[in-house]
Amino acid sequence: MEYRFKRVVVKVGSNVLTRTDGSLDIARMVEIVSQIAALRDAGIEVLLVSSGAVASGRGVLHVSEALDDVSQRQLYSAVGQAKLINRYYDFFSSYGIVCGQVLTTKESLQLEDHYQNQRNCMTVMLEHGVIPVINENDTVSVTELMFTDNDELSGLVATMMHAQCLLLLSNVDGLYSGDPGSRDSRIIREVMAGDDVTGYVGKSKSTYGRGGMSAKCGIAGRTASEGIEVIIANGKRENIILSVLSDGYREVPCTRFLP
Ligand code: GLU
């Protein structure tokens, strides 16, 4: 298959990786890893931004409802991130691919020397054929200084690493002209620079993650203005990554924000 890009950032949201009961969807992870392995075989460099730490920790531990939000996030992410990266490591290994963990904070992408340091880290990983699996370090990040969500983090990574495409995988097919559940709504296939999509965006928030369509579109517009194509697609669809990164994007539902 011919792909349209040489370096891509793939962001996988919590809702893609978790089942309705909040547990980690292993079959989905395997699906995603196998598609990334196919990209690698085709010579494409991939950086993976994966959410799901808090969600997978929540599936393991049951804590008192009295525990405050920050402590819950710290506890769940500490356990859940370990579980998540272990799975990724094993699944990538089965394709002969080495992945490595990058946990970061907003500060690490704001201060100049930290920024250079982060870029150096991901560059050296790619140079050695290692797939960076990136997430916010939810165990240490301070609430007021956190990324809005991993969409924001992935947009910054795409810009920092000069990726040609940022693929945001969530559990919706893309941006709709109205309520996605309504028969009258249609999917918006292309958003051009300067298009105002605020009228289309619903207020719904992600069930297991922190993001939502409004935040996604903001990040997508900003990232596209840096010259990077941004695609919003449904990570629960079979072969979606390979379809949208090739000419197959014409045949599957998705929204592309063009640079
Ligand atoms: N970093 C969070 C996690 O891994 C997800 C943040 C988000 O929802 O974007 O659980």
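Every value quoted in this text rests on a predicted model; they were computed, and no experiment measured them. Just follow the structure's listing: the first ligand is 1, and inside any ligand the first atom is 1.
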Per-atom contacts, ligand 1 versus V54 - under 4.0 Å to a heavy atom
3 (C), 10 (O)

Okay, side chain of T255, backbone of G174: is any donor-acceptor separation there less than 3.5 Å?
no

Could you check whether atom CD of E107 has more than 12 heavy atoms from other residues, nucleotides or ligands sitting under 6.0 Å from it?
no

Any N or O on N135 sitting closer than 3.5 Å to an N or O of ligand 1?
yes

The answer for which part of N150 has a heavy atom under 4.0 Å from ligand 1 is both

Can you list every pair that meets salt bridge (Lys or Arg N to Asp or Glu O under 4.0 Å) and has a residue in residues 171-190, with sequence neighbours left out?
D173-R237, E190-R256

Mind checking whether G52 has a heavy atom under 4.0 Å from ligand 1?
yes

Numbered atoms of ligand 1 (with element) below 4.0 Å of D138, judged on heavy atoms:
1 (N), 2 (C), 3 (C), 4 (O)

Do any N or O atoms from the side chain of S71 and from the backbone of L67 form a donor-acceptor pair under 3.5 angstrom?
no

Return the CD to CG distance between E2 and L245, rounded to the nearest 0.5 Å.
13.0 Å

